[in-house]
Amino acid sequence: MSDNKKPLNFIEKIIEDDLASGRISRLKTRFPPEPNGYLHIGHAKSICLNFGLAKKYKGSCNLRFDDTNPEKEDEEFVESIKQDVQWLGFQWEGDIHFTSDYFDQLYEWAIGLIKEGKAYVCDLSPDEAREYRGSLTEPGKNSPYRNRSVEENLELFEKMRAGEFDEGACSLRVKIDMAHPNMQMRDPIIYRIKKAMHHQTGDKWCIYPSYDYAHGQGDAIEGITHSICTLEFEEHRPLYDWFIQNLPVPSEPHQYEFSRLNVNYTVTSKRKLKQLVDEGVVSGWDDPRMPTISGMRHRGYTPKSIRDFVESTGVTRTDGVVDVSQLEFSVREDLNENAPRAMCVLNPLKVVLTNYPEDKRETMTAPGHPNRDDFAERLLPFSREIYIDRDDFREEANKKYKRLVLGKRVRLRNAYIIEADEAIKDDSGEIIEVRARVIENTVGKNPEDGIKAKGVIHWVCATNHVNCEVRLYDRLFTEEFPDAGGKDFMNSVNPESLKVLTNCKLEMSLSKPNTDIPYQFEREGYFFVDLKDSRPEHLIFNRTIGLRDTWNK
RNA sequence: UGGGCCGUCGCCAAGUGGUAAGGCUCUGGGUUUUGAUCUCAGCAUGCGUAGGUUCGAAUCCUACCGGCCCAGCCA
């Protein structure tokens, strides 16, 4: 059932114990997003955990939209959330669920609570309710409406439901203990009036159940065995259990909390992400620099790399911040294995091969992937004029520099070794062309004179290539903790998080690029066709991530 | 200063009384027509601190210190 390679996390241990003891016969989890925004890397962890556990233990996982607050939710988000979950590689069991599917049942159970004297309609205003609730160090006071009769409560609750009261005029509260040290237990509100149109139930209701009242019951109705949430819900657990014990629910789910996933050099709060979008710092929620699932997809991160990353961070109750390098490792690991290779010159510098006939044409061949033979071979047109990257040529350099230098040799990847003779400059002194010579008979072999090339650089034929645009992304923030202690995260936005290169030279074989997975542009990094902005006549690539670089560029 | 939770290498994270796994990062070596990949090696005499129990403690006890969460008719 479990591979003894990796130690079990604390939730897996609980599950295995429950399975072994017979407390449950089959695991059932759920991913319960509120459809009020876009999913981000933090949600990815919850998705991977809930769906992953279901898969590992041959159970199932529901997708349930926790839609108890119509003012903040929208159908638009249920669609994007469904897409993101599936893109990550998971499938929920059966139809999707909505907490709103249970509004009738929840309402009936609330009436039952009233009849048992466990709930009451409270007329305290929100402000008054706050005062009566006491503080962290002081007990609260009982509401003056706490002892209304069952009949009166029933009548009032019915009027609430019928829309006879204004929003905020009253609420339904459960009678627990106003002096409880856990604030959640001080007669929490379970129904409030909201005269808002609901994206699923329309205008059927004007009262809506609170999260605490609805969530656990939804779990019970769906037969969820392990209700997994983040740490901040921990003090809600006694309340969760209270409802399960005091209501005639069909099953007895349990709540377990784990610490949320935080990554440095980024922010994930919805408010902050929205600010980045609203103020135009990024192009939208799916900007490739955003930590949203859609942003990462746009950038070229693969579902597997995200799953692997989440897996690598573990499941614990310890607050922490994972270093982005761990995410980047997972992305490179997957892409190195699966990305087709190609050559693209980002900052072109023309090289004229003076001893190569003007009308001569050759076609070089190159493997689609250096370590795999299931990738198609590429054909690379070669002629007298080629482009190399400006960074790959210097008039003079020390021995550490392994690229093209005047008077020295370098290997053109998958082609000849060449030797540089002269740098041609314009009036401002900028090098605009390099004159070099091809060393005969060096395709696929070393020079006959025994003078080998010390390095390898990539190139593209100057007359037979594809022009393209490349967008280089870097981290969105310059601070490791952009929103730490009172700082304004907007002040640490990285002004160089996006650099656009419009004159890139791409090898001919990518004129109709693959849109399933990024390519590795050799010696540069991984680049993914921009699914939003790229056009057949104007290709645009997003840099997903650069290659690991142990040389001081 | 009410309650709850958490503190093991720079970052994640195993470990649950028998003498500190692993991954990321970093450093050094080898292979290499990608300064990539791959590969080899190094990286906590110490587990928030201080005491105590024990033959033996990251693991048990006590007291401190530090961090996070809770006073929405948000989730």
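Letters A, B, ... are given to chains in the order of the sequence lines, protein chains preceding strands, and every chain is numbered from 1.
- Atom CZ of A:Phe309 is separated from atom C1' of B:A13 by 13 Å (rounded to the nearest Å).
- Distance CG (A:Asp334) to P (B:A36): 20 Å, rounded to an integer number of Å.
- A:Arg260 and A:Glu232 are joined by a salt bridge, as a carboxylate oxygen and a charged side-chain nitrogen come within less than 4.0 angstrom of each other.
- A donor N or O paired with an acceptor N or O is found under 3.5 Å between the base of B:G3 and the side-chain atoms of A:Glu235.
- Side chain of A:Arg413, nearest nucleotide from B:U34, B:G23, B:C70: B:U34.
- Between A:Ala129 and A:Pro370, the one whose closest nucleotide on RNA chain B sits nearer the 5' end is A:Pro370.
- A:Gly444 comes within contact range of at least one nucleobase, with a heavy-atom separation under 4.0 Å.
- Spacing between atom CZ of A:Phe258 and atom C1' of B:C6 amounts to 16 Å, rounded to whole angstrom units.
- B:C12 and B:U25 have their P atoms separated by 15 Å, given to the nearest Å.
- Between the CD1 atom of A:Ile189 and the P atom of B:C70 there is a distance of 17 Å, given to the nearest Å.
- Checking the phosphate oxygens (OP1, OP2) of B:A13, no side-chain nitrogen or oxygen of A:Arg317 falls inside 4.0 Å.
- Ring geometry for A:Tyr191 versus A:Tyr107: interplanar angle over 60°, hence perpendicular rather than tilted (30 to 60°).
- Annotation: B:C74 and B:A13 have their P atoms spaced 33 Å apart (nearest Å).
- Straight-line distance from the CG atom of A:Asp212 to the P atom of B:C70: 13 Å, rounded to whole Å.
- A donor-acceptor contact under 3.5 Å is formed by the side chain of A:Arg403 with the base of B:G35.
- Under the Watson-Crick or G-U wobble criterion, with both distances below 3.5 Å, B:A63 is paired with B:U49.
- Of the candidate nucleotides B:C12, B:A75, B:C11, B:C11 has the atom nearest to the side chain of A:Asp323.
- Which of B:A14, B:U33, B:A36 sits closest to the side chain of A:Pro7 comes down to B:A14.
- For the OP1/OP2 pair of B:C24 and a distance below 4.0 Å, the side-chain nitrogens and oxygens of A:Ser330 include no atom meeting the criterion.
- Closest to the A:Tyr401 side chain, of the nucleotides B:G2, B:G35, B:C11, is B:G35.
- Between A:Lys194 and A:Glu71 there is a salt bridge, since a side-chain N of the basic residue sits under 4.0 Å from a carboxylate O of the acidic one.
- For B:U34, its base sits under 3.5 Å from the side chain of A:Arg341 at one donor and acceptor pair at least.
- Listed pair A:Lys13 / B:G15 meets the phosphate criterion, a side-chain N or O lying under 4.0 Å from OP1 or OP2.
- Taking 4.0 angstrom as the limit, A:Thr318 places none of its side-chain polar atoms (N or O) nearer than this to OP1 or OP2 of B:C6.
- Rounded to whole Å, the P atom of B:G29 lies 42 Å from the corresponding atom of B:G67.
- Residue-level contact check: A:Asn414 touches the bases, meaning some heavy atom is under 4.0 Å from a base atom.
- Residue A:Ser125 places no side-chain N or O under 4.0 Å from the OP1 or OP2 atom of B:C73.
- Nucleotide B:C11: paired with B:G23 (Watson-Crick or G-U wobble, both distances less than 3.5 Å).
- In this structure, CZ on A:Phe65 lies 8.0 Å from CZ on A:Phe31, to the nearest 0.5 angstrom.
- Nucleotide B:C38 is matched to B:G30 when pairs are restricted to Watson-Crick or G-U wobble geometry with both distances under 3.5 angstrom.
- Remark: A:Arg523 is in phosphate contact with B:G35, judged by side-chain N or O atoms under 4.0 Å from OP1 or OP2.
- When the P atom is used for both B:A50 and B:U27, the distance is 32 Å, rounded to whole Å.
- Annotation: the span from A:Asp391 atom CG to A:Ile457 atom CD1 amounts to 11.0 Å, rounded to 0.5 Å.
- The residues A:Arg317 and A:Glu234 are annotated as salt-bridged, a charged nitrogen and a carboxylate oxygen being separated by less than 4.0 angstrom.
- At a threshold of 4.0 angstrom between heavy atoms, the contacts of A:Val443 include nucleobase atoms, whether or not backbone atoms are also involved.
- In this structure, A:Phe233 and A:Tyr211 have tilted ring planes: the angle between them lies in the 30° to 60° band.
- A:Tyr211 comes within 4.0 angstrom of a base, heavy atoms only.
- Contact annotation for A:Thr316: backbone-only contact, meaning every heavy-atom pair under 4.0 Å involves sugar-phosphate atoms and none involves a base.
- Counting only heavy atoms from C-beta on, A:Glu234 has its side chain closest to B:G4 among B:G2, B:G4, B:A36.
- The base of B:G2 does not come close enough to the side chain of A:Glu138 for any donor and acceptor atom to sit less than 3.5 Å apart.
- Across all strands, A:Phe233 comes closer than 4.0 Å to base atoms (heavy-atom distances).
- B:G17 and B:G56 have their C1' atoms separated by 8 Å, given to the nearest Å.
- Between the side chain of A:Gln520 and the base of B:U34, a donor-acceptor pair under 3.5 Å is found.
- A:His236 places its NE2 atom 11 Å from the C1' atom of B:A71, with the value rounded to the nearest Å.
- Relative to the side chain of A:Val456, the nucleotides B:C74, B:U34, B:G67 differ in distance, and B:U34 lies closest.
- Aromatic ring pairs are classed by plane angle as parallel below 30°, tilted from 30° to 60° and perpendicular above 60°; the pair A:His465 and A:Tyr387 is perpendicular.
- Under the 90° criterion around 0 for the glycosidic angle, B:G22 counts as anti.
- In terms of position along RNA chain B, the nucleotide closest to A:Val322 lies nearer the 5' end than the nucleotide closest to the other residue of the pair A:Asn336 and A:Val322.
- Residue A:Leu124 is in base contact, counting any heavy-atom pair closer than 4.0 Å across all strands shown.
- Ring-plane geometry between A:Phe103 and A:Tyr208 is classed as perpendicular, the angle between the planes exceeding 60 degrees on a 0 to 90 degree scale with a lower cut at 30.
- With B:C24, B:C73, B:U37 as the candidates, the nucleotide lying closest to the side chain of A:Gln326 is B:C24.
- Counting any heavy atom pair closer than 4.0 Å across all strands shown, A:Gly168 reaches a base atom.
- Looking at heavy-atom distances under 4.0 Å, A:Leu231 makes no contact with the nucleic acid at all.
- Relative orientation of the A:Tyr416 and A:Phe382 rings is tilted, given thresholds of 30° and 60° on the angle between their planes.
- Only the C1' atoms considered, B:G22 is 27 Å distant from B:C60, to the nearest whole Å.
- Spacing between atom CZ of A:Phe521 and atom P of B:A36 amounts to 20 Å, rounded to whole angstrom units.
- Among the nucleotides B:A75, B:C12, B:G72, the one closest to the side chain of A:Arg133 is B:G72.
- As a whole-Å value, the separation of A:Glu131 CD from B:C73 C1' is 15 Å.
- Applying the Watson-Crick and G-U wobble criteria (two distances, each under 3.5 Å), B:C55 pairs with B:G18.
- Among the nucleotides B:U37, B:A75, B:G72, the one closest to any side-chain atom of A:Arg130 is B:G72.
- Of all nucleotides listed (B:C73, B:C24, B:U37), B:C24 comes nearest to the side chain of A:Ser325.
- Rounded to whole Å, the P atom of B:A57 lies 30 Å from the corresponding atom of B:G4.
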